[in-house]
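All values reported here derive from a predicted model rather than from experimental measurement. Both backbone and side-chain heavy atoms feed into the values below; hydrogens, waters and symmetry mates do not.
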Amino acid sequence: MIQITPAASERMRAFLARSPEAPGVRFAVKRMGCSGFGYVVDLAGEIAAEDRVLDIDGIRVVVDPKSLPLVDGTLIDFQRQGLNASFVFHNPNATGECGCGESFTVS
C-alpha cells in the first residue's frame, strides 16, 4: 500500500485542479540515474486495463504493474527547502540510493 502525507496530498490536489480532465496521478518508476531506478509522479494521461488504481485520501493514484512491486509500501511526502520544492519518497523496498537522492536500487 502507498501512503501520502498531507503536504503531498495538497500538492497533488493542486496539480489535479489545474488539469480536471486527468483521471488521477501516476506514480511509477523508470530506469535512470546511477542507482538504477527513479521515481515519476505526473498526471495520468489515461488508465490502462492492467494499471492498479488506488484511492488515497480521495486522490486516484495510478500505478503500472511493473512499478507496483518496487513502490509498494512507499510514503510520498512533499517538502520545501528554501526555493526548492519536491516530492520525497520513503521506500522500504529501496536497498540503496545514489548520493544525490535522484535514484534508488532494489535488490
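- Rounding to the nearest 0.5 Å places CG of D77 at 10.0 Å from CZ of F89.
- Open room surrounds CD on E10; 12 or fewer heavy atoms of other groups in view lie less than 6.0 Å from it.
- Rounded to the nearest 0.5 angstrom, R60 CZ and L16 CG are separated by 10.0 Å.
- The two residues P69 and P65 come nearest to each other via the heavy atoms CD-O, 3.2 Å.
- Under the 30°/60° scheme for interplanar angles, the aromatic rings of F15 and F87 are found to be tilted.
- For the residue pair S9 and D57, the shortest heavy atom distance occurs at OG-OD2, 2.8 Å.
- Of all the heavy atoms in P23 and A44, the pair that sits closest is CD-O, 2.9 Å.
- Partner of I4 under the side-chain contact (heavy atoms from CB on, under 4.5 Å) criterion, out of V61, L75, L54: V61 alone.
- Side-chain contact between I56 and M12 is absent, with no heavy atoms from C-beta onward closer than 4.5 Å.
- Distance check, rounded to the nearest 0.5 Å: CD1 of I59 to CD1 of I2 gives 12.0 Å.
- Rounding to the nearest 0.5 Å places CD1 of I47 at 13.0 Å from CZ of R52.
- Rounded to the nearest 0.5 angstrom, S67 OG and F27 CZ are separated by 8.0 Å.
- Side-chain atoms of K30 and K66, non-hydrogen and from C-beta on, never get closer than 4.5 Å to each other.
- Contact check on D51 versus R26 returns a salt bridge, with a Lys/Arg side-chain nitrogen under 4.0 Å from an Asp/Glu carboxylate oxygen.
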Worksheet item: Can you list the steps and then say if Y39 with V71 is a side chain to side chain contact (heavy atoms under 4.5 Å, CB included)?
Response: CA-CA 9 Å; Y39 298 102; V71 298; 4.3 Å; yes

Practice prompt. Could you go through the side chain to side chain contact (heavy atoms under 4.5 Å, CB included) check for N93 and L70 one step at a time?
Written response: CA-CA 6 Å; N93 304 303; L70 301 172; 5.9 Å; no

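- Using a 4.5 Å heavy-atom cutoff, the side chains of H90 and I76 are not in contact.
- At most 12 heavy atoms of other shown residues, nucleotides or ligands fall within 6.0 angstrom of atom CD in Q81.
- Between the T5 side chain and the A8 main chain, a donor and an acceptor come within less than 3.5 Å of each other.
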